[in-house]
Enquirer: 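First the structure, which I've put down as C-alpha cells, then a few questions once you've had a look.
Values reported hereafter were calculated over all heavy atoms of this structure, with side chains retained and with hydrogens, waters and symmetry mates removed.
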Amino acid sequence: MQENDQENFKRELGLLDGTMLVVGSMIGSGIFIVSADIARQVGSAGWLTLIWLLSGLITIIAAVSYGELSAMFPKAGGQYVYLKEAYNKLIAFLYGWSFFAVIQTGTIAAVGVAFSKFAAYLYEPLSDENVLFELGAFKLNAAQLVSIFTIIVLTFINSRGVKNGKILQTVLTIIKILSLLGLIVFGLTLAAKASVWDANWADGWSTRSFDKDSGSWLPIGGTALISGISAAMVGSLFSSDAWNGVTFIAGEIKNPKRNVGFSLFLGTFIVTIIYVLTNIMYLAVIPFDEIATAKFDRVAVVASDYIFGNIGALIIAIMIMISTFACNNGLIMAGARVYYTMAKDGLFFKKAAVLNSSSVPAWALWAQCIWASALCLTGKYGDLLDFVIIIVLIFYILTIYGIFILRRKMPDVERPYKAFGYPFLPMLYIIIATAICISLFITKFSTCGWGVLIMVAGIPVYYLTKPKEE
C-alpha cells in the first residue's frame with residue numbers, strides 16, 4: 001500500500017536540494033549564541049574548539065551510518081520507517097509521538113522565537129518586552145506573535161507544493177552559507193589580533209567554570225568537568241541537529257538510494273567545517289572572558305562589533321533572521337512527512353495520510369503548525385530544548401543500533417550503500433551518545449526527566465489508539 005502511494009509524491013529534489021535541506025535545517029541561531037554557554041562550562045579555548053569538533057564528528061558518524069538505512073528504505077518517513085523495520089510499531093510510534101509532541105514542534109517553536117528576538121533588533125516593538133495581552137499568569141507578547149506568524153507563512157508556502165519549499169530552502173541556505181563564510185573571512189582578515197589569539201590559547205586546555213554570581217572562574221575537574229562537558233554539548237549538539245530531515249522527504253528525492261545518503265554526508269561535513277571555523281574566528285577576535293560573558297550570549301554580535309563597528313549588531317540580526325527562517329522552512333517541510341507515514345500505518349490521524357492537489361500532506365503540515373504555535377505561547381523554550389535533546393539522542397542511538405539488527409534480520413536486502421566504518425564507527429557513536437545521555441539525565445534531571453516522561457507517556461496512547469485488527 002505504502003509503496004504505491006509513494007508514487008503520488010513528486011520526486012522533484014536533487015542532490016543540491018537535499019544537501020541544502022540538511023545544511024539549512026542544521027544552521028539556525030545556535031552558532032551565533034551557544035559558544036558563550038560552552039565557554040562558561042569548560043573555560044578554555046582548546047575545550048571550546050574541541051566540543052564543537054567532537055559534536056561535528058559525532059554528527060557526521062551518525063549521518064553516514066544513516067546512509068545505509070536511507071538506501072535500504074528510500075521512502076517518506078525516514079527515521080520512523082527505520083525504527084519500525086528494525087524493532088516494531090511501538091518503538092516507531094514512540095518516536096513519532098515524541099517527534100510531534102516536542103522534538104520537531106518544540107524545535108520549530110524555539111527557532112521561531114529566535115527569529116522574533118532578532119527581528120526586535122530591527123524594530124523594537126516586536127520584542128518580548130512588549131506585552132499585548134494579560135490574563136492571570138498568561139502573557140501574550142509581540143515576539144510570540146511574530147514567531148507564530150512566521151510558522152504560519154512557511155506552512156502555507158510548503159502546503160502549495162514541494163517545489164516552493166525547495167526553492168526557498170536552497171536560495172536562503174546559499175545566502176546563509178555565504179554570509180557565515182563572509183563573517184569568518186572578514187573576522188580573520190579585518191579584526192583578528194595576534195595578542196587576543198595568543199592570550200586565549202595561553203592556557204588553552206585549563207578546565208574551569210564561570211560562576212555568574214561572583215563573576216569569577218573556578219577550576220574544575222573530575223565529575224564537575226564531566227557534567228560541564230555534557231552540559232556544554234547540549235548546545236553544540238542541538239546546533240548540529242535536524243540533519244536527518246532529508247530522510248523524511250526521501251519520497252520526493254530523485255535517485256534516493258544514492259542522493260539521500262550523499263546529501264547527509266555533504267551537509268553535515270559542510271556545517272561542521274563552518275562551525276569550527278566560526279569558533280576559531282571568535283577566538284581570534286574576542287578575548288575569552290568576553291565570549292563567556294557576552295550580553296544575552298550573543299557572541300556573534302560581539303564579534304561583529306569588533307569587525308564592523310556600530311553596524312555589527314544589525315548585520316548579525318539580519319543574518320540570524322535569514323538563518324532561522326531557512327531553518328524553520330526545512331523543519332516544517334520535513335516534519336509533516338513523518339506524520340503522513342505514521343497515518344498510513346494507522347498510528348496518527350487519518351487525515352494526515354492525505355496528499356493535497358499539490359502532492360504534499362497539507363493536513364499534517366497544518367496540524368504541526370497549530371501545535372508548534374501553541375508551544376510558542378508556553379514561553380518555556382529553554383526547557384523544551386533540554387526535553388528535546390535527550391529524546392533525540394535516545395532515538396539516534398536506537399536507530400543506529402538498528403543497523404546491527406537489520407544486518408542480522410535482513411541479510412539479503414540490497415544495500416546500495418553500507419555504513420562507513422561499520423561496525424566500529426556506529427558503535428563508537430552509540431557509546432559516546434549513551435554516555436552523554438546518562439550524564440544529562442543525572443545532571444539535568446529536572447528537564448531531561450520530563451523529556452523521557454513525555455516519551456514514555458506515548459506507551460499507553462499507543463495501546464489505546466492501536467487499530468483493532470492487530
Side-chain angles (χ1 to χ4, degrees), residues 26-45 47-49 51-52 55 106-107 109-122 126-129 143 147 180 183-184 187 196 200 208-218 227-241 274-276 278-308 312-321 323-324 327 379-386 388-389 443-444 447:
M26 284 176 75
I27 305 175
S29 58
I31 186 60
F32 301 97
I33 298 167
V34 166
S35 295
D37 185 55
I38 297 175
R40 289 196 295 273
Q41 303 281 0
V42 290
S44 62
W47 279 98
L48 171 68
T49 311
I51 278 174
W52 279 105
S55 298
T107 308
V111 173
V113 168
F115 175 91
S116 60
K117 271 187 180 169
F118 284 89
Y121 239 83
L122 305 184
L126 299 178
S127 85
D128 52 7
E129 305 282 304
S147 47
L180 262 169
L183 189 67
I184 293 164
V196 171
N200 284 343
R208 39 191 198 145
S209 75
F210 187 74
D211 181 49
K212 274 187 168 175
D213 297 333
S214 64
S216 59
W217 291 96
L218 308 168
S227 68
I229 291 169
S230 55
M233 285 192 78
V234 169
S236 56
L237 282 171
F238 201 86
S239 305
S240 307
D241 194 35
I274 289 174
Y275 280 2
V276 172
T278 303
N279 279 280
I280 284 170
M281 181 273 290
Y282 289 158
L283 290 166
V285 172
I286 314 170
F288 195 81
D289 280 18
E290 285 186 42
I291 295 176
T293 57
K295 191 178 178 187
F296 301 123
D297 285 358
R298 290 172 184 163
V299 188
V301 171
V302 178
S304 199
D305 282 344
Y306 274 106
I307 302 165
F308 303 112
L314 194 67
I315 289 170
I316 292 295
I318 293 167
M319 274 178 70
I320 293 183
M321 285 171 71
S323 183
T324 48
C327 179
K380 300 277 181 206
Y381 336 102
D383 292 348
L384 273 173
L385 300 196
D386 275 353
V388 170
I389 201 68
T443 57
K444 291 198 162 198
T447 47

Enquirer: Determine the minimum heavy-atom distance between Ala231 and Asp37, stating which atoms define it.
Expert: O-OD2, 4.4 Å
Enquirer: Enter the distance from Ile315:CD1 to Ile307:CD1 here, rounded to the nearest 0.5 Å.
Expert: 8.5 Å
Enquirer: Is the backbone N or O of Ile33 less than 3.5 Å from a side-chain atom of Asp297, with the two atoms forming a donor-acceptor pair by type?
Expert: no
Enquirer: Any donor-acceptor pair under 3.5 Å linking the side chain of Ser323 with the backbone of Gly28?
Expert: yes
Enquirer: Within this structure, what is the OG-CE distance for the pair Ser304 and Met319, rounded to the nearest 0.5 Å?
Expert: 8.0 Å
Enquirer: Compare all side-chain heavy atoms of Phe308 with those of Leu314 and state whether any distance is below 4.5 angstrom.
Expert: no
Enquirer: Is there a side-chain contact between Tyr121 and Ile316 (heavy atoms, below 4.5 Å)?
Expert: no
Enquirer: Under a 4.5 Å cut-off applied to non-hydrogen side-chain atoms, are Ile291 and Leu283 in contact?
Expert: yes
Enquirer: State the OH-CG distance between Tyr282 and Leu183, to the nearest 0.5 angstrom.
Expert: 6.5 Å
Enquirer: Say you draw a straight line from OG of Ser116 to CE of Met321; how long is it, rounded to the nearest 0.5 Å?
Expert: 9.5 Å
Enquirer: What's the shortest heavy-atom distance between Ala232 and Ile38, and which atoms?
Expert: O-CG1, 3.5 Å
Enquirer: Might you point out which heavy atoms bring Pro287 and Tyr306 nearest each other, and give the distance in Å?
Expert: CD-OH, 3.7 Å
Enquirer: Partners of Ile280 by side-chain contact (heavy atoms from CB on, under 4.5 Å), sequence neighbours excluded?
Expert: Trp197, Val276
Enquirer: Between Tyr275 and Ser55, is there a donor-acceptor pair closer than 3.5 Å when you use the side chain of the first and the backbone of the second?
Expert: no
Enquirer: Answer yes when Asp305 and Arg298 have at least one side-chain N-carboxylate O distance shorter than 4.0 Å, and no when they do not.
Expert: no
Enquirer: Side-chain contact, heavy-atom cut-off 4.5 Å: Ile51 with Gln41?
Expert: no
Enquirer: Return the CZ to CE distance between Phe238 and Met233, rounded to the nearest 0.5 Å.
Expert: 14.5 Å
Enquirer: With Trp52, which residues qualify under side chain to side chain donor-acceptor pair (under 3.5 Å), at least two apart?
Expert: Ser35, Asn279
Enquirer: So which heavy atom on Gly187 is nearest to which on Val285, and how close?
Expert: O-CG2, 3.5 Å
Enquirer: Within the distance-only criterion (no hydrogens, no angle test), does the side chain of Asn200 pair as donor or acceptor with the backbone N or O of Ile286 below 3.5 angstrom?
Expert: yes
Enquirer: Ignoring hydrogens, what is the shortest heavy-atom contact between Phe288 and Ser44? Give both atom names and the distance.
Expert: CZ-N, 3.3 Å
Enquirer: A side-chain contact here means heavy atoms from C-beta on lying under 4.5 Å apart; do Thr278 and Phe32 qualify?
Expert: no
Enquirer: Just how far is it from atom CZ of Phe115 to atom CD1 of Ile320, taken to the nearest 0.5 Å?
Expert: 11.5 Å
Enquirer: Of all heavy-atom pairs between Ile31 and Ile27, which one has the smallest distance, and what is that distance?
Expert: CG2-CG2, 4.3 Å
